[in-house]
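Right, one structure below, let's go through it.
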Amino acid sequence: MTKKVKSATYVSKFESIFKCPICEAWMKVFELKSFICSNNHTFDFTKQGYINLTTHPNENEVQ
C-alpha cells in the first residue's frame with residue numbers, strides 16, 4: 001500500500017471534521033486520491049501522503 005493510499009484511507013475515517021477552505025462545504029475522500037467538497041473544490045494527496053489545504057502561498061515565505 002502506498003503512502004498516498006494509506007493517508008487517504010486514514011483521512012477518510014475522519015473526513016467529517018474537515019471543511020473546504022474555500023467555501024466551507026464538507027469534504028470527502030474521492031477514489032483514495034483526492035479530497036473534494038460538494039462544490040467540486042479538489043485537493044490532491046501527494047505521493048508522500050500529504051494534502052495541502054492552503055488556498056494561497058505564504059506571503060512571509062523566503063524565496
Side-chain angles (χ1 to χ4, degrees):
M1 186 180 297
T2 66
K3 289 180 182 180
K4 182 178 185 175
V5 171
K6 276 185 183 178
S7 182
T9 302
Y10 183 77
V11 169
S12 68
K13 295 175 185 177
F14 301 100
E15 62 190 11
S16 64
I17 67 170
F18 293 96
K19 283 188 178 181
C20 177
I22 297 170
C23 67
E24 298 188 7
W26 295 108
M27 308 279 295
K28 287 251 180 220
V29 172
F30 180 72
E31 295 182 355
L32 298 179
K33 295 191 288 187
S34 302
F35 215 24
I36 189 167
C37 78
S38 57
N39 292 316
N40 292 322
H41 297 120
T42 304
F43 301 87
D44 294 329
F45 286 91
T46 65
K47 197 172 12 173
Q48 296 82 13
Y50 298 99
I51 190 162
N52 183 355
L53 296 175
T54 58
T55 57
H56 51 75
N58 183 354
E59 294 175 8
N60 297 325
E61 188 174 302
V62 177
Q63 295 191 18

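As a basis for the values below, the full set of heavy atoms in this structure was taken, side chains included, without hydrogen atoms, waters or symmetry mates.
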**OP:** Would you give the length of the straight line joining atom CZ of F43 to atom OG of S34, rounded to the nearest 0.5 angstrom?
**Re:** 10.5 Å
Original post:
Within the side chain of S7, is there an N or O that forms a donor-acceptor pair under 3.5 Å with the backbone of K3?
Top reply: no
Original post:
Got a sec, which residues hit ring-ring contact (aromatic ring centres under 6.0 Å, His included) with Y50, two or more places apart in sequence or on another chain?
Top reply: none
**OP:** Could you pull out all residues at least two apart from F18 that satisfy ring-ring contact (aromatic ring centres under 6.0 Å, His included)?
**Re:** F35
Which atom pairs, donor and acceptor, lie under 3.5 Å between side-chain atoms of residues 20-33 and protein residues at least two apart or in another chain?
unit_1: K28; atom_1: NZ; unit_2: E15; atom_2: OE2; d: 3.3

**OP:** Output the distance between atom OG1 (T46) and atom CD1 (I51), rounded to the nearest 0.5 Å.
**Re:** 8.5 Å
**OP:** Please confirm whether the backbone N or O of T54 pairs with a side-chain atom of N52, one donor and one acceptor, at under 3.5 Å?
**Re:** yes
